[in-house]
2 protein chains.
Amino acid sequence: MSEEDRTDALFHALAHSGRRRILDLVKAMPGCSVGDVCKYFDTSRIAVMKNIGVLEAAGLLISEKTGRVRSLHFNGAPIQLIYDRWTTEYSSYWGTQVTDLKFKAEAKKRPETDA
Amino acid sequence: MSEEDRTDALFHALAHSGRRRILDLVKAMPGCSVGDVCKYFDTSRIAVMKNIGVLEAAGLLISEKTGRVRSLHFNGAPIQLIYDRWTTEYSSYWGTQVTDLKFKAEAKKRPETDA
DNA sequence: CCAATATGTCACCATCTTGTTACCCATGAG
DNA sequence: CTCATGGGTAACAAGATGGTGACATATTGG
């Protein structure tokens, strides 16, 4: 899976309030079962399982099956990738350029300062 | 729009390599036009415009129309929200809990240390 | 005015996503 | 064994998404 694909999977996984809630739940209840998570949702168990699958595919959840019970664990590493790659790349930009962008946007309205 | 909806829109907008590329392009060429962005894509102009619309709805792009040209500007503020809310909340967790999680995951295999 | 340019809108289509129900498999308690 | 429990798979329906071409609008240049 390419970097782009992983980024897609990660952002896609996070672009769903139910899945974000699952993350919160698993984070709050490390090692909880699939059934435990389902108790907090009105949707069917299968829907929850699918969302767990999406989160797992994105690497945000880790599961291990013991007997017939599947224990879930939160993994923040992929989010850290966002932090490292995106916020670093863009935040340095924000700090210096965002104000400048606003300036340029304003400048556009004044011909004499047009870029 | 609720906080959840805005978060959905933001992550959804970012969960598309083409849209992320548009962000990079606009970031590199502040004030560029829609047509400028289109030059970098094989897809149709309409597809690019729709993706610009998605990015704009997520607040990641700001546009202003002067004459018949629409100038695009990158806005990192929404990503900063991710940074502030998500990475703060989760990164503090990673630092302290991830190792602990791994421990608990291992512990699950040993009955005497079962949580 | 006339034509080229830059963008916006519309209707349509293929595919993906998200949920559903029904059914199957494995495990643990009795 | 018997059976409830926890989980997994398959097939399907509704809606969202991402793309398209055709057409409309508005501005600029000559």
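Quick note on labels: first sequence line is chain A, next is B, and so on, each numbered from 1.
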- line: Note: L61(A) and F74(A) closest approach over all heavy atoms is CD2-CA, 4.0 Å
- line: Sorted by chain and residue number, the salt bridge (Lys or Arg N to Asp or Glu O under 4.0 Å) partners of K65(A) (sequence neighbours excluded) come out as none
Qualifying side chain to side chain donor-acceptor pair (under 3.5 Å) pairs with a residue from residues 32-48 of chain A, counting only residues at least two apart or across chains: S33(A)-D36(A), D36(A)-K39(A)
- request: Using atom types as modelled and distance alone, determine if a side-chain donor or acceptor of N75(B) lies under 3.5 Å from a backbone N or O of G59(B).
  value: yes
query: Can you check the H12(A) NE2 to dT15(C) P distance for me, whole Å?
result: 18 Å
field: Side chains of H12(B) and F11(A) in contact at under 4.5 Å (non-hydrogen atoms)
entry: no
query: What are the two closest heavy atoms between S17(A) and D8(B), and how far apart are they?
result: N-OD1, 3.5 Å
- line: At a 4.0 Å cut-off to heavy atoms of chain B, the contacted part of DNA chain D spans dT17(D) to dT28(D)
field: Salt bridge present between E56(A) and R70(A) (N-O < 4.0 angstrom)
entry: yes
query: Could you state the NE2-C1' distance from H16(B) to dT17(C), rounded to the nearest angstrom?
result: 14 Å
- prompt: Can you tell me if R20(A) uses its side chain to pair, donor with acceptor, with the backbone of E4(B) under 3.5 Å?
  reply: yes
All N/O contacts under 3.5 Å from nucleotides 2-6 of chain C to the protein, with atom names and distances to one decimal?
residue, atom, partner, partner atom, Å
dT5(C), O2, R68(B), NH1, 2.5

task: Name every residue in residues 37-54 of chain B that has at least one heavy atom under 4.0 Å from any atom of DNA chain C, in order of residue number, or write none if there are no such residues.
output: R45(B), I46(B), M49(B)
- prompt: Which residues pass the salt bridge (Lys or Arg N to Asp or Glu O under 4.0 Å) test with R19(A), sequence neighbours left out?
  reply: none
field: Spacing of N51(A) atom CG and L23(A) atom CG [to the nearest 0.5 Å]
entry: 10.0 Å
Interatomic distance, K65(B) NZ vs dT9(C) C1' [rounded to whole Å]: 12 Å
- prompt: Rounded to the Å, how far apart are L55(A) CG and dT18(C) P?
  reply: 10 Å
